[in-house]
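Quick notes on the structure that follows.
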Amino acid sequence: MLPKSKAASLRDRNIALTKKDIRESVTPDQMIIQALYSYDELTKIAHNLAGRIRGWFSLTNPELEHRISDNRAFVEQVLEKETKSAMGARFSDPDMKQLKELAKSCLSIFQEQEKLIIYIDTLMKRHMPNVFVLVGGKLGARLLSMAGSSKKLARMPASTIQLLGAEKALFRHLINKKVKPPKHGVLHEHPLVQKADRNRRGKIARTLADKLAIAAKVDYFGGKFMGDKLLKMIR
Amino acid sequence: MKQKKFDGIFENGNRLYTKNLVRGSVYGERLFKEGKHEYREWDPKRSKLSAAIMKGASQIGLREHHVVLYLGASTGTTPSHISDIVGNRGFVFALDFAPRMVRKLVFLCEQRKNMAPLLANASEPDTYQDRITMVDYVYQDIAQRDQLRIFLLNCSRFLEKGGFAALCVKARSVDVARRPKDIFLETRKELEKHLTIIDYRELDPFEKDHCIFICKKTRDLHL
């Protein structure tokens with residue numbers, strides 16, 4: 001049991017201190033991670049919305065819808081001039097106007113994504129320059145988000161970085177040793193890994209992860225820029 | 001509404017309840033009114049302490065007026081029920097180290113006069129020792145590999161002699177590849193060296209691969 005006055009003062013003091021702690025716990029890491037998640041969210045939304053616009057637009061011009069497979073190019077085309085079609089029904093002006101409103105929203109999502117990428121790149125260049133040089137802004141941010149923070153990423157062994165994003169496959173392997181271990185997680189997005197032959201991907205992912213582990217440490221502990229050297233070593 | 005044999009815990013049909021200290025629902029749980037009192041449903045699927053009681057724990061050691069140190073408070077689901085149980089003359093220090101969780105905890109503590117939030121790492125007692133007092137009860141539910149070490153550390157530092165403590169063990173966060181039973185057994189052996197175990201429950205089917213130990217501090221800990 002605590003005396004009433006002691007309890008009240010402990011509570012007031014801890015609420016005040018904790019509010020301050022929470023306020024001060026916000027880091028650039030979180031800005032990058034939130035931006036990346038927003039980007040991912042917009043990817044999903046744009047995909048769904050473009051699909052809906054395709055469904056609607058193909059009532060008036062199925063040929064055009066069929067011809068353009070890229071979502072962004074398609075949406076831009078919808079916003080362009082009127083088009084003719086043999087199979088499509090003629091839309092009244094209000095019909096077309098409503099559809100174009102939707103296409104405008106979709107286009108603005110694509111544009112928002114571009115802005116987010118620029119924003120992420122800027123932040124990554126400033127806070128994690130070495131990682132940025134090795135894997136670029138988006139992939140670097142993705143590794144950061146999977147590690148949780150730049151502190152955690154800096155403390156990760158290269159082997160863990162190599163497999164970030166391959167947790168499911170890794171645990172499948174750990175529980176049943178007959179299953180082969182995964183070669184890479186999100187690092188498969190990296191052009192060097194993608195270009196490589198299948199049987200060399202693991203080796204390249206490992207080398208890349210090694211250098212990333214160094215880069216993350218240099219970035220976190222504020223060392224000199226050495227990303228270019230690391231990049232040369234990989235090549 | 002029937003009083004269970006534990007302080008502040010009630011039963012109606014198959015459901016557990018605690019008497020609500022502050023009007024209203026905390027996290028969307030159902031409310032039950034009887035006379036002028038309001039009771040909050042205590043779902044064993046959302047709270048391991050509730051699950052332990054449902055699984056027939058003979059004792060949980062938690063009494064009215066207790067001062068509690070709650071490690072791994074998260075957004076305050078279980079802490080709010082503990083706050084109900086210890087009542088206005090008890091107190092709960094609710095600690096978590098994720099700012100996102102503690103944010104919600106702060107709002108909860110602003111509603112309840114017997115709770116205080118702490119944003120700290122349970123494995124570093126030095127960082128919060130000047131913010132709390134000695135306690136009658138330690139409750140720990142954190143998914144860390146060295147959860148046992150953290151538990152003993154805190155019991156040794158902050159738990160009064162004769163006080164009780166509850167440890168939730170999540171086998172999956174100790175070692176994913178080993179059998180949960182082995183991990184529970186190993187934990188028990190280590191725990192017994194320092195504390196007296198008075199109850200043990202596996203929480204299946206409410207929580208998979210979890211168990212809870214209710215302990216009493218009968219002597220000083222030598223870590």
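Model, not experiment: these values are computed from the prediction. Residue numbering restarts at 1 for every chain, and letters A, B, ... go by the order of the sequence lines.
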Answer yes when A:Asp12 and B:Lys113 have at least one side-chain N-carboxylate O distance shorter than 4.0 Å, and no when they do not. no

For the pair A:Asp21 (side chain) and B:Leu118 (backbone), establish whether a donor and an acceptor sit closer than 3.5 Å, ignoring hydrogens and angles. no

Can you tell me how far CD1 of A:Ile15 sits from CE of B:Met115, rounded to the nearest 0.5 angstrom? 9.5 Å

Can you tell me how far CG of B:Leu119 sits from CD of A:Glu24, rounded to the nearest 0.5 angstrom? 10.5 Å

Crowding at CZ, A:Arg52 (>12 non-hydrogen neighbours, <6.0 Å): no

Non-hydrogen side-chain atoms of B:Glu110 and A:Lys19 separated by less than 4.5 Å: yes

Among A:Ile175, A:Leu10, A:Leu17, which residue forms the greatest number of heavy-atom pairs with chain B at distances under 4.5 Å? A:Leu17

Report, as yes or no, whether the 6.0 Å neighbourhood of atom CZ on B:Arg178 holds more than 12 heavy atoms from other residues, nucleotides or ligands. yes

B:Phe107 atom CZ, over 12 foreign heavy atoms within 6.0 Å: no

A:Arg13 atom CZ, neighbour heavy-atom count above 12 within 6.0 Å: yes

Between the side chain of A:Thr18 and the main-chain N/O of B:Pro117, is any donor-acceptor distance below 3.5 Å? yes

Would you mind checking which part of B:Phe93 comes under 4.5 Å of any heavy atom in chain A, side chain (CB onward), backbone (N, CA, C, O), both or neither? side chain

For A:Arg198, does the CZ atom sit with more than 12 other heavy atoms under 6.0 Å from it, leaving out its own atoms? no

Within 6.0 Å of CD in A:Gln111, more than 12 heavy atoms from elsewhere: yes

Is A:Arg11 in contact with chain B via its backbone, its side chain, both, or neither, using a 4.5 Å heavy-atom distance? both

So which of B:Cys109, B:Ala177, B:Ala116 has the largest heavy-atom pair count under 4.5 angstrom toward chain A? B:Cys109

Which heavy atom of B:Thr133 sits nearest a heavy atom of A:Lys6, and at what distance? CG2-NZ, 3.5 Å

A quick test of your reading: do over 12 heavy atoms of other residues, nucleotides or ligands sit less than 6.0 Å from CE of A:Met31? no

Heavy-atom contact with chain A under 4.5 Å, split by part of B:Arg112: backbone

Those residues of residues 151-164 of chain B, ordered by number, that approach chain A below 4.5 Å (heavy atom to heavy atom): none

Atom pair OG (A:Ser25) and CZ (B:Arg103), whose distance is rounded to the nearest 0.5 Å: 7.5 Å

Residue B:Arg100 excluded, over 12 heavy atoms near CZ under 6.0 Å: no

